[in-house]
Enquirer: 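Here it is, the structure in full.
Numbering of ligands and ligand atoms starts at 1, following listing order. Owing to the predicted nature of the structure, the values given are computational and were not obtained by experimental measurement.
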Amino acid sequence: MPELPDLTVVAEGFHAALAGRPIAAVAAPGPLAVRGTPGELDALVGQRVTDIRRRGKFLIVDLHRDRVVANPMLTARSQLARPAAKKPTKTAVVLSFGARQTSPKRPAAWTKRATWMPADEEPVEVRYRDPTQMGKVYLLPAGLDRTAPGLSETELGPDADDPALTLDVWRQRIRRHPGELKNLLKNQAFMAGVGNAYSDEILHAARLLPFRKRSDLAPEEVDALHAATKSTLTTAVDVLRRRVPPTFEKQVRDFLAVHDKGGTACPRCGTRISEVKPGGFVTSFCRGCQR
Ligand SMILES: [Zn+2]
């Protein structure tokens, strides 16, 4: 499932490649992925991309009038491709973009002079595909009172990488959540963007066990969790900026320390990593160095 580091790199790459381009054509070979009418989809043609950004685990495309929001859920991925390149199977939505008309505002520094960047005059496509068909693409036309479920400000806390989520804010917000740490980190209303994989990584970095309760933590452990959240995500984004483009549809997770590495040696202490699967989702941790 794409999480904050994955979607940050997709949003930064797509923004740099697509902002300032008009949508030239739209197609929905998998119409069930789309929440909106065929007319609303067709109305995207001609609209210029002003911004592509991430909020929580959503990818948001702002056009000069309307907005498109993707919630990839478990398996949806988006590919940036030349129109002539072979389309992957299970492609549900294709947005085709024309030549760039204006420069993107504030592109991420790492995207400058990227070799994969399509030339301004070259047409380019985004292909959204989803083997499990759980993800959704929401069309949010201007002036219509429609939102994507889970995206409202009451449902989403601050993004985990938001500088406004300071240690003081963290200490305040965490008081309302006495339960297990893994659930706390994954709770989008507490903090947006972290899911099953990076919650394991953050807890390993903080040397805390996933099923410990927040109500049992010492104040310095609460602070360690904040520091681990920031450092784990910053490091992951740096790695993914180097390794993901131009295959934005690929999920790179091999560099993680513990998640989904059950049975292998902990990179910090050498203990064999433990793994449990409550509800079918893997939770990985180290009994040697997490308390
Ligand atoms: Zn360990």
Enquirer: Are there any protein N/O/S atoms under 2.8 Å from the Zn ion (ligand 1), and if so, which?
Expert: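 Near the Zn ion (ligand 1), the protein supplies Cys266 SG, Cys269 SG, Cys286 SG, Cys289 SG.
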Enquirer: Taking distance alone, no hydrogens or angles, what donor-acceptor pairs closer than 3.5 Å link side-chain atoms of residues 87-95 to residues at least two apart or in another chain?
Expert:
from, atom 1, to, atom 2, distance (Å)
Thr89, OG1, Arg129, NH2, 3.3
Thr91, OG1, Pro88, O, 2.6

Enquirer: Is Arg171 paired with Asp223 through a side-chain N to carboxylate O contact shorter than 4.0 Å?
Expert: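 The answer is yes: the pair qualifies as a salt bridge.
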Enquirer: Using only atom types and a distance under 3.5 Å, with no angle test, would you say the side chain of Gln290 pairs donor to acceptor with the backbone of Gly288?
Expert: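 Not confirmed, Gln290 side chain does not pair with Gly288 backbone.
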Enquirer: Under 3.5 Å, is there a donor-acceptor pair linking the side chains of Gln79 and Arg127?
Expert: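 Yes.
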Enquirer: Classify the ring geometry of Trp110 against Trp116: parallel below 30°, tilted from 30° to 60°, perpendicular beyond 60°.
Expert: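 Ring orientation of Trp110 relative to Trp116: tilted.
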Enquirer: Flag the pair Arg212 and Glu221 as a salt bridge only when some basic side-chain nitrogen lies within less than 4.0 angstrom of an acidic carboxylate oxygen.
Expert: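 Yes, charged N to carboxylate O under 4.0 Å.
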